[in-house]
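Remember, it's 1-based here, ligands and their atoms both numbered in the order they're listed. These figures come from a predicted structure and were not determined experimentally. In what follows, every heavy atom counts, from backbone to side chain, and hydrogens, waters and symmetry copies are set aside.
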Amino acid sequence: MKPIALVTGSSRGIGRAIALRLAEDGYPIAVNYPPIEEEPTQVVEEIKAKGVECKAFVADVSDSEQVSAMFKAIKEHFGQPVGVLVNNAGITRDTLLMRLKESDWDMVLGINLKGTYLCTKAAIRDMLKTGWGRVISVSSVVGTVIGNPGQTNYAASKAGVKGFTMSLANEVGQKGVTVNAVAPGFIETEMTAKLPEEVKNRMLEATALKRFGKPEDIAEVVAFLASEKAGYITGQLIVVDGGLSV
Ligand code: NAP
């Protein structure tokens, strides 16, 4: 049986595309969604239609008790632990630093960065025991390659994910676990749909390929990083931005 793949925040957007793509490669899929939302039954059915087992697990990734309970429930349901962890759940709360509320700093850092820490910590012990594992986190070009006004909180969280990735890769490499991050540019999802037209136009102009990315562009790279073919890649941040940062 293929290892279990958990994709956090996979009810929609990039996470949903990653879960569907990994299902195509035959991984049983654990979909994760936050408590405020309804169970994403449609995504689960779409994944099952690809011929793999799939179940949705509720947890706010920034809450340690909910994360522990989710990992326990996944192990009980599938009869084996998570082998491929995709830390995808993420949010934005954009505004200039002068107006940035402490609560919006804490919320963005809590979900984007602490969530990555909590889920990875919950997954890593079993990966080390098994002698195989993949941790793939969704960072961003913002914070790792470029800055963006109005996103100090978001950029700090995504830069944190890069540092976390490089450091953990060194801790667990000798046990057969690779740790990488993907840095998307501008990808068409609900997260970017709410941006003003003027910002979108500026992003499009700056993107070498003169088109926005699709969630599937990110999913393809995640699937490669999860595969055996990427077994000699670790500690890396792979930029998938259509040339936005160049
Ligand atoms: P999205 O459409 O807003 O989806 C975000 C997902 O995260 C949703 O499934 C959401 O669940 C989930 N989520 C939010 N808070 C959560 C929590 N506390 N616990 C568990 N799940 C939670 O965003 P996206 O564009 O697909 O972004 C996915 C990832 O890519 C994020 O980490 C984002 O920072 C990163 N990224 C995106 C872009 C881009 O251009 N779109 C660029 C660079 C990086 P609900 O739908 O149920 O609320």
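For the residue pair N88/S10, the side-chain donor-acceptor check at 3.5 Å is not satisfied.
Proximity of a side-chain donor or acceptor of K158 to a complementary backbone N or O of V138 within less than 3.5 Å is detected.
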For ligand 1, list every N/O pair with the protein closer than 3.5 Å, one pair per line with the distance.
| residue | atom | partner | partner atom | Å |
| --- | --- | --- | --- | --- |
| ligand 1 | 2 (O) | R12 | NH1 | 3.0 |
| ligand 1 | 3 (O) | R12 | NH1 | 3.0 |
| ligand 1 | 9 (O) | G9 | O | 3.1 |
| ligand 1 | 9 (O) | S11 | OG | 2.8 |
| ligand 1 | 11 (O) | S11 | OG | 3.4 |
| ligand 1 | 18 (N) | D60 | OD1 | 2.9 |
| ligand 1 | 19 (N) | V61 | N | 3.1 |
| ligand 1 | 25 (O) | T189 | OG1 | 2.5 |
| ligand 1 | 26 (O) | I14 | N | 2.8 |
| ligand 1 | 32 (O) | N88 | O | 2.7 |
| ligand 1 | 32 (O) | K158 | NZ | 2.9 |
| ligand 1 | 34 (O) | Y154 | OH | 2.6 |
| ligand 1 | 34 (O) | K158 | NZ | 3.1 |
| ligand 1 | 36 (N) | Y154 | OH | 3.4 |
| ligand 1 | 40 (O) | G185 | O | 3.3 |
| ligand 1 | 40 (O) | I187 | N | 2.8 |
| ligand 1 | 40 (O) | I187 | O | 3.3 |
| ligand 1 | 41 (N) | I187 | O | 3.2 |
| ligand 1 | 41 (N) | T189 | OG1 | 3.2 |
| ligand 1 | 46 (O) | S11 | OG | 3.2 |
| ligand 1 | 46 (O) | R12 | NE | 2.4 |
| ligand 1 | 46 (O) | R12 | NH2 | 3.0 |
| ligand 1 | 47 (O) | S11 | OG | 3.3 |
| ligand 1 | 48 (O) | R12 | NH2 | 3.4 |
| ligand 1 | 48 (O) | E37 | OE2 | 3.3 |

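Partner of F186 under the side chain to side chain contact (heavy atoms under 4.5 Å, CB included) criterion, chosen from R211, K200, R202: K200.
I74 belongs to a hydrophobic cluster whose remaining members, ordered by chain and number, are M1, I4, L6, F57, V67, M70, F71, F78, V82, L85, Y117, L118, I124, M127, L128, V135, F164, L168, V172, V177, V179; membership requires side-chain heavy atoms of ILVMFWY residues under 4.5 Å apart, directly or through intermediates.
Contact record, G242 with T207: O-CG2, 3.3 Å, taken as the closest heavy-atom pair.
In the displayed structure, Q42 atom CD is contacted under 6.0 Å by at most 12 heavy atoms of other residues, nucleotides or ligands.
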